[in-house]
Amino acid sequence: MIAGLTPNLATWGIAALATLGVITRPFSWPEAVWAVLGAALLVLFGLMPAGTAWEGVLKGTDVYLFLIGMMLMSEVARKEGLFDWLAGIAVRAAKGSATRLFTLIYGVGTVVTVFLSNDACAVVLTPAVYAATKAAKVENPLPYLFICAFIANAASFVLPISNPANLVVFAEHMPPLTRWLAMFALPSALAILATYAALRLTQNASLRGERMATEVAAVPLSRTGLVAGLGIVATGGVLIGASALGLDLGLPTFVAGALTTAAVLLMKRGGLVEVARDVSWSVLPLVAGLFVLVEALEKTGVLAMIADALKRAASASPVETAWGAGSLVAVLCNLVNNLPAGLIAGAAVQTAHVPDTVAGAVLIGVDIGPNLSVTGSLATILWLNAIRREGQDVGFWRFLKLGLLVMPPALILALAGLLLV
């Protein structure tokens, strides 16, 4: 018995240390280094066959394609001045009011998340928001940048496509859109409003003292910038169509991103090297490493244990299980990132055949829970990479202190709204 447990304990230990490395970034090494290192150690120590590790990597193919498509479009849009053009519109609409600009960005962030996904919000909206703060000559852009991180998760279950994790949790048991809206319309609205209120209260001091430029010169939109913008809008339509047909989102997003990039580069007659150089490719090995860690945990029987416990609890008390599962998953997402947590929780939900209420609570925990920490979700890590490119940074503890004020009210209200309907 003990001999059988030893390899499992070693696997769990390496996975835990690798996850801790992703969260805390010792020696300031990128998050991807720790995820890949943990995956490599599992193979080197014979705890996981190389073939099984490769199977784990391949399970993330849809996510890689999705991210590549979105990152290509975002980088092309940034280089072609789309974000600068949008920034000028936003600043002029704010008319010198920091709170008006804050609310405007929050509304746009909600729309982008709902129709393009939370990862797209982090990748596409963040550079646009930074451009807006730069155009407005604000001293501290972080209150506005925080919106991109928090709304990306808070609004990520309005529609199935708002977060790829939604498709993982329900898998082949995805409810029809009418049923989805009946379940999640109220919880989503409560989460979005609660997150806005918490952010406004916590950032109010910075916003009140902010002086903004009121006159911003209009930046003309180039033809290539227009093409990039149309590509992003078209991608939203493609994602909605793919979701309605029950298709994976990765390949359509990749194709849309590749076609948009190709169209812009053909119009410019060059620039591929510059675009490829500035894309944050490091997120791909990070995701691959996390998928391998999840595969290792699944092979040790963690999934079976979780599914069994979830099934017994749901049979005894569905309402209490919904509260407990949603809250527990929300916390776990910040310990292991919501990508592996969502994969494990989603598989457990499908294996245990729990009621829709419990499955919905798990989904809410996976989507909102990551707002507690800066490494809680892939979207937040993408956001962190985006602001670092602009010379900004937010440490783990600073984000955690804000997350402790923003996430719990949104989670509690969303779970309460789910149970009401």
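Worth knowing before you read on, the calculation uses all heavy atoms, side chains too, and leaves out hydrogens, waters and symmetry mates.
Under the 4.5 Å side-chain criterion, counting only non-hydrogen atoms from C-beta, Ser97 is not in contact with Phe102. Contact annotation: the side chain of Ser74 approaches that of Pro127 to within less than 4.5 Å [non-hydrogen atoms, C-beta and beyond]. Using a 4.5 Å heavy-atom threshold, the side chains of Val406 and Phe146 count as separate. The side-chain heavy atoms of Phe115 and Leu239, taken from C-beta on, include no pair separated by under 4.5 Å. Between Phe66 and Ser117 there is a side-chain heavy-atom pair separated by less than 4.5 Å. The shortest distance between side-chain heavy atoms of Arg200 and Leu207 falls below 4.5 Å. Using a 4.5 Å cut-off on side-chain heavy atoms (C-beta onward), Thr52 and Lys299 make contact. Within the 4.5 Å cutoff, side-chain heavy atoms of Leu159 are placed close to those of Leu181.
Using a distance-only test at 3.5 Å, with no hydrogens or angles considered, a donor-acceptor pair links the side chain of Trp180 to the main chain of Val158. The backbone N or O of Ala361 sits nowhere less than 3.5 Å from a side-chain atom of Trp323 that would complete a donor-acceptor pair. Remark: side-chain polar atoms of Thr126 are not paired, donor with acceptor, to backbone N or O of Val123 under 3.5 angstrom. A distance-only check finds a donor-acceptor pair linking the side chain of Asn334 to the backbone of Ala330 [under 3.5 Å]. Between the side chain of Thr235 and the backbone N or O of Gly231 there is at least one donor-acceptor pair closer than 3.5 Å. Judged purely by atom type and a 3.5 angstrom limit, Thr61 uses its side chain to pair as donor or acceptor with the backbone of Leu58.
Relative ring orientation between Phe291 and Tyr64 is described as perpendicular, the plane-to-plane angle rising above 60° on a 0-90° scale split at 30° and 60°. Taking the six-membered ring where tryptophan is involved, the planes of Phe184 and Phe157 are perpendicular, since the angle between them exceeds 60° and thus also 30°.
In this structure, a donor-acceptor pair under 3.5 Å is absent between the side chains of Ser282 and Ser280. Tyr196 and Thr103 share a side-chain donor-acceptor pair at under 3.5 Å.
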> How far apart are the C-alpha atoms of Glu295 and Lys59, what are their side-chain angles, what is the distance that settles it, and do they pass the side chain to side chain contact (heavy atoms under 4.5 Å, CB included) test?
Replying inline: CA-CA 9 Å; Glu295 189 73 9; Lys59 286 183 178 180; 2.8 Å; yes

> How far apart are the C-alpha atoms of Glu31 and Val283, what are their side-chain angles, what is the distance that settles it, and do they pass the side chain to side chain contact (heavy atoms under 4.5 Å, CB included) test?
Replying inline: CA-CA 8 Å; Glu31 292 87 354; Val283 72; over 6 Å; no

>> Determine whether Thr380 and Thr375 satisfy the following criterion, side chain to side chain contact (heavy atoms under 4.5 Å, CB included), listing intermediate values before the conclusion.
In response: CA-CA 6 Å; Thr380 320; Thr375 52; over 6 Å; no

> Hey, mind stepping through Thr133 and Met212 against side chain to side chain contact (heavy atoms under 4.5 Å, CB included) and telling me if it holds?
Replying inline: CA-CA 9 Å; Thr133 61; Met212 289 176 44; over 6 Å; no

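Taking each heavy atom of Val292 and Ala53 in turn, the nearest pair found is CG2-O, 3.5 Å. Contact between Cys148 and Ala152 at its shortest, heavy atoms only, is O-CB, 3.2 Å. Taking both residues in full, the closest heavy atoms of Thr357 and Leu419 are given as CG2-CD2, 3.3 Å, listed atom of the first, atom of the second, then distance. Between Ala149 and Phe399, the shortest heavy-atom distance links the atoms CB-CE1, 4.1 Å. In terms of heavy-atom proximity, Leu293 sits nearest to Gly38 at CD2-C, 4.1 Å. Heavy atoms only, all atoms of each residue included: Asp84 and Ala131 are closest at OD1-CB, 3.7 Å.
Ring to ring, Tyr144 and Tyr106 are not that close: their centroids are 6.0 angstrom or more apart.
Taking CG of Leu418 as the start and CD1 of Ile364 as the end, the distance is 4.5 Å to the nearest 0.5 Å. The structure places CG of Asn204 at 8.0 Å from OG1 of Thr99, a figure rounded to the nearest 0.5 Å. Atoms OG and CG, on Ser162 and Asn153 in that order, are 11.5 Å from each other to the nearest 0.5 Å. Atom CG of residue Leu328 and atom OG1 of residue Thr321 lie 11.5 Å apart, to the nearest 0.5 angstrom. Of the inter-residue distances, the one linking Ile147 atom CD1 with Thr195 atom OG1 reads 11.5 Å to the nearest 0.5 angstrom. How far CG of Asn166 is from OG of Ser156: 6.0 Å, rounded to the nearest 0.5 Å.
More than 12 non-hydrogen atoms from other residues, nucleotides or ligands lie less than 6.0 angstrom from CH2 of Trp281.
Of the charged side-chain nitrogens involved, at least one lies within less than 4.0 Å of a carboxylate oxygen, so that Glu80 and Lys268 count as a salt-bridged pair. Salt-bridge formation is detected for the pair Asp278/Lys79: a Lys NZ or Arg NE/NH1/NH2 atom is positioned less than 4.0 Å from an Asp or Glu carboxylate oxygen. A salt bridge does not link Glu274 to Arg78: none of the charged side-chain nitrogens sits closer than 4.0 Å to a carboxylate oxygen.
Among residues two or more places apart in sequence or in another chain, the salt bridge (charged side-chain N to carboxylate O under 4.0 Å, His left out) test is passed with Arg389 by Glu75.
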Per-pair distances, 0.1 Å, donor-acceptor, side chain in residues 249-263, under 3.5 Å, sequence neighbours excluded:
{"residue": "Thr253", "atom": "OG1", "partner": "Leu249", "partner atom": "O", "Å": "2.7"}
{"residue": "Thr260", "atom": "OG1", "partner": "Ala256", "partner atom": "O", "Å": "2.8"}
{"residue": "Thr261", "atom": "OG1", "partner": "Gly257", "partner atom": "O", "Å": "2.8"}

